[in-house]
There are 2 protein chains.
Amino acid sequence: MFRLSKGAEYAIRGILHLSMQPEGKVSFVEEIGEAQDVPKAYLAKIFQSLTKKGFLKSTRGQGGGFTLIKPPAEITVNEVIEAMEGPIYLNDCLVSKDACERETFCPVHELWQKAQTSFMDVIINCTFEELAKAGKVKREKCESKSGAA
Amino acid sequence: MFRLSKGAEYAIRGILHLSMQPEGKVSFVEEIGEAQDVPKAYLAKIFQSLTKKGFLKSTRGQGGGFTLIKPPAEITVNEVIEAMEGPIYLNDCLVSKDACERETFCPVHELWQKAQTSFMDVIINCTFEELAKAGKVKREKCESKSGAA
DNA sequence: GGAAATAGGATAAAAGAGGTCTTAAATACT
DNA sequence: AGTATTTAAGACCTCTTTTATCCTATTTCC
Ligand code: SF4
Ligand code: SF4
């Protein structure tokens, strides 16, 4: 089934949250979980793994929490998804050269290649800097609307 | 995880097989399963559901089997996948207008919309007539190569 | 009636989603 | 220095859904 897992969805929300904070800000799980509407126990686990993968820095104890290590401009949506779900491939024949023995004569293979490329292009070319910027714009628009009403 | 299910993969192989047969030909599951390398009991069930969805006609008893009802030119890959897996949507917020309450201010929503569109475009614009034609070409090329060697 | 096919139900294994509880580290307050 | 508090790390658990498959019943023709 072609669906983003909750784990990756939450990871994106979490990193987006951090991207929208002032640089170097330390946030803790409970705060982020509440703001982004993510179960905190789950988010904690996700952040653990994002820390291991080098996206975040964690500090324990009072005043501790998580900080973004990489600049948002250098994190793509694609990277975060792959960190959570492993490599993305839409069909077996795209995982490696000879994963499917039918590939030599199967006309569907090319279709998947094309579909995968056009899908990946979109998420590879989207950084969290862009998302954060778009997020601020969208929020302002949203607030001015409810303010006017 | 963004992966095509085996069910849909096998359905595509099955319909492709029928698309490459002379029109109106009745094929039975065992034959197709062998040719397309699909477990026959599984394929049988898949064909059942494709029959219910109106892609195939089935006849039971001796001399029975399955026939394509729709002309290959009018079947898209997308349709077959949706018949097997239900509607395709990459993320919750794409299933319906207000599936995700965060949509009003979430900047990621637009990204998914874009990704989904460019992915779907590819599979919507691919009919089994094209695939069958490409399959014939590919097979000939393949045979001439092994013949020359 | 018997062989050839499909119809449909049952099932086993894997992935996904989330929770709990204990341990470790850092700070803050005596 | 010592203790309490705050926060993450890590290990373990459970429940549900999806995926992939098999097995038996039923229909139809000869
Ligand atoms: S699309 Fe063709 S090559 Fe790809 S996995 Fe399916 S059969 Fe193999
Ligand atoms: S991407 Fe944004 S709108 Fe879509 S499901 Fe996630 S939070 Fe909701």
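Throughout, a chain's letter reflects where its sequence line sits, starting with A, and its residues are numbered from 1.
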Gap between atoms [atom1] and [atom2], on [X] and [N] respectively (whole Å):
X      : N       : atom1 : atom2 : value
I81(B) : dT19(D) : CD1   : C1'   : 16 Å
L43(B) : dC22(D) : CG    : P     : 12 Å
L4(B)  : dT19(D) : CG    : C1'   : 12 Å
E9(B)  : dT21(D) : CD    : C1'   : 16 Å
E31(A) : dT7(D)  : CD    : P     : 10 Å
Y10(A) : dG16(C) : OH    : P     : 14 Å
K6(B)  : dC22(D) : NZ    : P     : 14 Å
D37(B) : dA20(D) : CG    : C1'   : 15 Å

Review item, nucleotides 4-8 of chain C N/O atoms under 3.5 Å of protein N/O:
unit_1 : atom_1 : unit_2 : atom_2 : d
dA5(C) : O4'    : G61(B) : O      : 3.3
dT6(C) : OP1    : V29(B) : N      : 3.3
dT6(C) : O2     : R60(B) : NH1    : 3.4
dA7(C) : OP1    : S58(B) : OG     : 2.9
dA7(C) : O4'    : R60(B) : NH1    : 3.0
dG8(C) : N7     : Q48(B) : NE2    : 2.7

Of M120(A), E85(A), R3(A), the residue whose pairing with F2(B) passes side chain to side chain contact (heavy atoms under 4.5 Å, CB included):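 The residue from M120(A), E85(A), R3(A) that satisfies side chain to side chain contact (heavy atoms under 4.5 Å, CB included) with F2(B) turns out to be E85(A).
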Whether E79(A) side chain and T76(A) backbone form a donor-acceptor pair below 3.5 Å: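 A pair under 3.5 Å: yes.
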Closest to the S5(B) side chain, choosing from dA17(C), dT19(D), dA15(C):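 Out of dA17(C), dT19(D), dA15(C), the nucleotide with an atom closest to S5(B)'s side chain is dT19(D).
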Is there a side-chain contact between [X] and [Y] (heavy atoms, below 4.5 Å)?
X       : Y       : value
K25(A)  : S27(A)  : yes
N125(B) : V77(B)  : no
W112(B) : V122(A) : no

Salt-bridge present (K114(A), E110(A); N to O < 4.0 Å):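 Judged by the 4.0 Å cut-off on N to carboxylate O distance, K114(A) and E110(A) do not form a salt bridge.
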Residue pair L131(B) / V108(A): nearest heavy atoms and the distance that separates them: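 For L131(B) versus V108(A), the nearest heavy atoms are CD2-CA, 4.2 Å.
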D37(A) to E101(B) - nearest heavy-atom pair and separation: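 Minimum heavy-atom contact is OD2-OE2, 3.9 Å.
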F28(A) and F66(A): CA distance, side-chain angles, deciding distance, ring pair (Phe, Tyr, Trp, His ring centres under 6.0 Å) verdict: CA-CA 6 Å; F28(A) 48 101; F66(A) 293 92; over 10 Å; no
Terminal axis angle for the helix from dG1(C)-dC30(D) to dT30(C)-dA1(D), five pairs an end, nearest 10 degrees: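 One end's axis against the other's: 10°.
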